[in-house]
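Below, chains carry the letters A, B, ... as their sequence lines are ordered, and counting in each starts from 1. Note that the structure is predicted; figures quoted are calculated from it, not measured.
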Amino acid sequence: MSVAKSIPHDSGPAHVSGEARYVDDYPMPANCVHLAFGLSEKSHADFTLDLAAVRAAEGVIEVLVAADLPAKNDVSPTPDPEPMLAEARVHYIGQPMFLVVADSHLNARRAARLGKVDYSEKTPLVTIDQAMAAGSRFGEAVTYSIGNAETALAAAPHRISGEMEIGGQEHFYLEGQAAFALPEEGDVRVVSSTQHPTEIQHKVAEALDKPFHAVRVETRRMGGGFGGKESQGNALAVSCAVVALRLNRPAKMRYDRDDDMVITGKRHDFRIKYEAGFGPDGKIESVIFEHFVRCGWALDLSHPVADRAMLHADNAYHLPNAKIMSHRLRTNTQSATAYRGFGGPQGIVGIERVIEDIAEALGLDPLAVRQANFYAPKGDLTPYHMEVEDSISTELVAQLAETSSYAARRVEIAEFNARSPIIKRGLSLVPVKFGISFTLTFLNQAGALVHVYADGSVQLNHGGTEMGQGLNTKVAQVAAQVFGLGVEAVKITATDTGKVPNTSATAASSGADLNGMACKDACERIKARLVEFAAEKWGGEAIFSDGQVQVGEHSMSFAELVTDAYMARISLSATGFYKTPKLQWDRVTGKGRPFLYFAYGAAVSEVELDTLSGENRILRTDILHDVGNSLNPALDIGQVEGAFVQGAGWLTIEELRWAEDGRLLTAAPATYKIPCASDIPDQLNVALWDGANLEKTIYRSKAVGEPPFVHGVSVLMALRDAVKAAGGDTGFDAPATAERLLMAMQS
Amino acid sequence: MVEFVLNGEMMQADDASMTLLDFVRLERGLTGTKEGCNEGDCGACTVQVASMEDGELVHRAVNSCILLLGQMQGKSVTTVEALGGDHPVQEAMVEHHGSQCGFCTPGIVMSLAAAHIEGRQDHADVLAGNLCRCTGYAPILRAAEAVAAQPVPQGPDEAALLEGISGAGFTELDEFADWYVKNPDAVLVGGATEVGLVLTKELKQPEKFAFLNQITALQNIEHEIGGMRIGAGVLLARVRGAMVGKYPQFAEMLRRFGSVQVRNSATIGGNIANGSPIADTPPALIALETSVTLRKGSARREILLEDFYLSYGVQDRAEGEFVESIFIPEQGDTLGVYKISKRFDQDISALCGGFNIAVSDGIVTKARIAFGGMAATPKRAKAVEAALIGQPWNEETIATAQAAFAEDYTPMSDQRGSAAYRMILVQNLLKRFYLEQTGTGRVRVVGGIS
Ligand SMILES: Cc1cc2nc3c(=O)[nH]c(=O)nc-3n(C[C@H](O)[C@H](O)[C@H](O)COP(=O)(O)OP(=O)(O)OC[C@H]3O[C@@H](n4cnc5c(N)ncnc54)[C@H](O)[C@@H]3O)c2cc1C
Ligand code: FES
Ligand code: FES
């Protein structure tokens, strides 16, 4: 067995030795040029440029503006335009206006600051309120609904209403955006730190006015992506390709960290307004949500992000009557983009807030309200009219409540709080139900290319990209499983548009689901040929295991079989393909089946809050998470732990702030703080739920990248519990910084 | 010309203002060391630097992105490549699944390897300066625990290698003092944890530098009659050590000052001279009635540290004058130090300060209070002090004194905190101090001294 084993990340040894290579680590030819963008200092203005000083600066080879680009000036991931270099008008502070080509990274950066820009300023729209008032939107408001929310709300015995701001989040992938391009006889080869090599290929080809086949894009690995490298790397790759062909020299570009934080998009921040009607037991009868989504200056992926927020407005709860409205607002800020969870977490925070308010209104334990509202195992409809067929929330939460001693700790905490006037503790259990599949149905396809060499070694390529999640390890396990080999016999090479074409982004947690299946398909094709060959030659069904093949009485190593097959002129290479079944979704009407299945889980967090300062820490978190039949428990637990900490960071210390003029004030690691080692719970217990995926996914596993991010919500709600114990106002926004918490306790 | 050892090999470099990170990556092609931020915050660029301190070879993890080659004179640098791949830390990191994307990993490995030499067990502190966005740290901490018991592998004989390097740059204090009078435009470099960013982020290219870290006369901590004298060049890592037994709350604050890597580079002189209103050591030092010795050529003058800060960004320091040492007068430990920041570790403070309050027979006999982050300079709260001195040490007095903060401070709002938040905090911290002194149980969630 190769699957279901805790095999370490295939790059682990290279990571620790420093040999693992990232874009900036490739040795470059000596004539390589280095690029940097000159950035806008105004958030909304018409401008003219005087670049004489830039051109005269040390080491500068040339400077390009939009008019110098050979073809399209566009790096948008959608048909909606997004110019790479601003033309006449800028829309946010940090927008690239010109491109410096220099002999070193440092010289390019220095020169990029020397542009003289004449701005004629216009009023910027920075906040949600400003954008709403100005009607600055991407498309009309979108509404999904089920039942009759208004009527049911009016008829409900109890009602609550409220509003909450939920902050965005900087990805802070440790490796900043980077790409380089090598000119190749009029074509171009691009190496990019991207989750989406195919899109890079398309944008580069369009920018050069060349067919897609003239551009080859390669991604060995990323130093973290988290959604931030789905579309945000386009500008660097396009710049490098344009310059490489223009000068016939290699060109490299990487953003300095502060540039990266100013230029690139982040998680969408939301305002969520809500009204809910419920019974005396806390059972929800109706909910109305209004999502205000700050999308920034360009559309990017905002529609599917905002859609997914709507699709998670229910989380794990059955809402018989619901209406969810979504406003996608255009502002003069960075263009918000994909970020782990893709809007789902924001939608979930909305309903969890409602649950907490209901519990507070009724004086119930929030866990009881949650349990009263879980989807039935099957049969209930979501607000988007999909039948939930696989709900395990009730059992999973019961098990976690048991293993984490929820009830006993509730009592202990109440006792602690009664005798501790300054330090208060809080506890919360929050579930997650997360929909798996791209909501743009056509994206749910993948390809793989598998070669078996004559010595029995296997080389595998698939359309997914490796950003730390261990995708390559998992897919290699799948190949090894099919051939009955150890994973060491399988080598995965860099993702390459020349090997597997027309791929989707590695996103939506879909990497292993899609590429694992495509790989299995390819391997099974080759295996079928081997089986047929063996049956003809030795008469019998070939059985593959432990590197050996048994055919009737005849036994041989996999390598021997392969060598024989090669001599008999059997093709030992195959492509594989997979498309997710059952999907059928209409995003305009909000009806259908956008997801193949749901991943479930729950987390209990206990926190301690200092009522004098708002400082707090997480004492303990217990997580029970559903990955179906795990392909690799160690990697899955790693995803759960990492996602939880990232989710907790989002809702506590990670705060993005913009000044009134649209300047990002927290645009450096000195002011934007992600969790560090001492911020994690003193005790972090992660367990995997024991149960297979009901759908026929790769070895009945479930996707794991995004769902556990939601476990961070348990920390936010535990802080709320502590604020409540301190007699404070529980209606505070996220992130719950020490300042917010202290101010909440002033009232 | 700078001479130092890199992975056992002697190096010579001309450009003293190049960062060590650029040197190893661009000049030496050692790309295992990563650039994650280029400003000292992420630790991806961590390398290990060994040098002789008081006759002993000491290994320190430092951020190479904001270290200048001029600081490397006479030191021995080890990058991840030299660990060989089979160092116990490296093996434990693989076994415990401590890497995901792997970009932070070489820096984490170097931090853990340096801590391993010292036998440190405070793994979360060791890693405070190493950000990892993927793992959530849990597997890395498990790896750190697993490796603690293993023996330290033998590296090259660095002490012998260092002996082969002859001195360069300033080593004599008098010589430097005279030179600086004549070259007052030179940028003084202590640990470069501020100066480094001037180069990497502001992209300035100063012409002249003076590296102070070879001047042994600035590196001393001396226990004199009447108090403790600390040379301007003393690393904050060593200041912390000196404070542990003396003013434990000061030491606890220093535990949270920057990170291991920052404290292994940054000097107390740099923190004081830099003049930032949110520098962490000046307020507590002011509360301790610390004085500072300024030196110009052969002339010295000693002033109270609180008088050194004139207004925002302006200090009482003449051209060609530098900070030579500070002096903390001997006193009983009645000091409470509080640092409030968005993140506990490695974060610049929203406010930081100290209460030095002595009580005798239930009456406040001494009160010196100073905070950073509350005004344009580190500033004493004299109205609060006045409201306390001579008063009974009780809740009523505290309440009166809390109100007096409004006379002392008009804080500003920025991304680290609003004015209102800062004011409530400083008032509440006085209460915290009172509660800690009167001992009614734990009143902070992190770093309380029991
Ligand atoms: C990641 C990071 C985290 C940080 N965290 C903190 C923190 O928690 N708290 C905090 O207070 N600061 C923090 N800092 C700021 C900085 O580390 C401190 O101010 C540090 O003490 C500066 O010391 P240095 O020796 O590195 O100074 P340098 O950068 O070498 O010098 C700073 C300034 O002082 C001048 N100078 C240096 N020595 C002398 C001298 N003897 N006489 C006169 N002038 C001199 C220099 O010319 C320069 O202008 C942090 C910095 C970084 C990069
Ligand atoms: S690169 Fe981040 S600390 Fe040096
Ligand atoms: S493993 Fe990716 S940042 Fe640490």
Side-chain angles (χ1 to χ4, degrees), chain A residues 8-9 11-13 15-20 22 25 27 109-110 113 172-175 222-224 256-258 420 422-423 467-469 608 610 612-613 615-617 634 638 641-642 644-646 653 655 657 665-666 668-671 673-674 676-680 684 737-739 742-743 746, chain B residues 29 31-33 36-39 41-42 44 80-81 85 90 93-95 97 99-106 109 123-125 127-128 131 133-141 201 203 340 342-348 415 417-418 421 424-425 428-429 431-432 435 441-446:
Chain A
H9 195 290
S11 289
H15 289 155
V16 299
S17 70
E19 282 164 310
Y22 303 80
D25 300 338
R109 283 180 63 215
R110 282 186 180 139
R113 299 208 184 164
F172 215 94
Y173 27 65
L174 261 275
E175 177 211 25
M222 280 161 271
D256 183 73
R257 174 62 59 183
D258 296 8
S420 173
I422 305 290
I423 308 288
M467 58 194 106
Q469 80 280 45
E608 195 167 82
D610 178 348
L612 290 177
S613 67
E615 293 169 295
N616 56 83
R617 54 175 299 106
E641 287 173 337
F644 161 71
V645 171
Q646 207 175 81
I653 57 177
E655 188 177 32
R657 286 220 195 173
L665 295 170
T666 48
T671 44
K673 311 312 283 188
I674 68 168
C676 67
S678 62
D679 293 315
I680 73 169
L684 175 56
T737 57
E739 172 167 5
L742 184 63
M743 297 320 257
Q746 296 310 302
Chain B
T31 53
T33 308
C37 70
N38 210 14
E39 52 197 290
D41 268 286
C42 77
V80 68
E81 285 87 355
Q90 291 173 312
M93 281 286 285
V94 175
E95 197 180 317
H97 311 279
S99 71
Q100 288 183 18
C101 81
F103 200 81
C104 68
T105 311
V109 164
H123 308 302
D125 276 350
L127 292 171
L131 299 180
R133 194 52 150 165
C134 299
T135 63
Y137 306 98
I140 299 173
L141 293 167
K201 294 294 157 168
L203 299 180
I340 305 285
K342 219 175 266 178
R343 184 173 71 194
F344 280 112
D345 281 337
Q346 203 200 210
D347 193 2
I348 307 292
Q415 65 274 9
S418 66
Y421 171 57
I424 295 167
L425 266 180
N428 283 356
L429 291 176
K431 181 162 175 202
R432 180 196 275 183
L435 294 172
R442 211 162 50 92
V443 289
R444 40 177 153 169
V445 293
V446 150

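Here B:Lys201 is the residue among B:Lys201, B:Lys431, B:Lys342 with the most heavy-atom pairs under 4.5 Å with chain A. The candidate with the highest count of non-hydrogen atom pairs below 4.5 Å against chain A, out of B:Ile424, B:Ile140, B:Val109, B:Thr33, is B:Ile424. Of the residues considered (B:Glu81, B:Met93, B:His123, B:Arg432), B:Arg432 shows the highest number of contacts with chain A, using heavy-atom pairs under 4.5 Å.
Contact annotation for A:Ile680: only side-chain heavy atoms (C-beta onward) come within less than 4.5 Å of a heavy atom of chain B. Heavy-atom distances place both the backbone and the side chain of A:Leu665 under 4.5 Å from chain B. For A:Met467, the part sitting under 4.5 Å from any heavy atom of chain B is the backbone (N, CA, C, O) and nothing else. Looking at B:Leu141, the atoms closer than 4.5 Å to chain A (heavy atoms on both sides) all sit in the side chain, from C-beta outward. The part of B:Gln346 that comes within reach of chain A is its backbone (N, CA, C, O), which places non-hydrogen atoms under 4.5 angstrom from that chain. Both the backbone and the side chain of A:Ala670 come within contact range of chain B, each with at least one heavy atom under 4.5 Å from a heavy atom of that chain. Both the backbone and the side chain of B:Gln415 have a heavy atom closer than 4.5 Å to some heavy atom of chain A. For chain A, the nearby parts of B:Asp347 are the backbone and the side chain; heavy atoms of each come within less than 4.5 Å. A:Leu742 touches chain B through its side chain: at least one heavy atom from C-beta onward sits under 4.5 Å away, while N, CA, C and O do not. If you measure heavy-atom distances from A:Asp258 to chain B, the contacts under 4.5 Å come from both the backbone and the side chain.
Listed by chain and number, the residues in a side chain to side chain donor-acceptor pair (under 3.5 Å) with B:His97 amount to none (sequence neighbours excluded).
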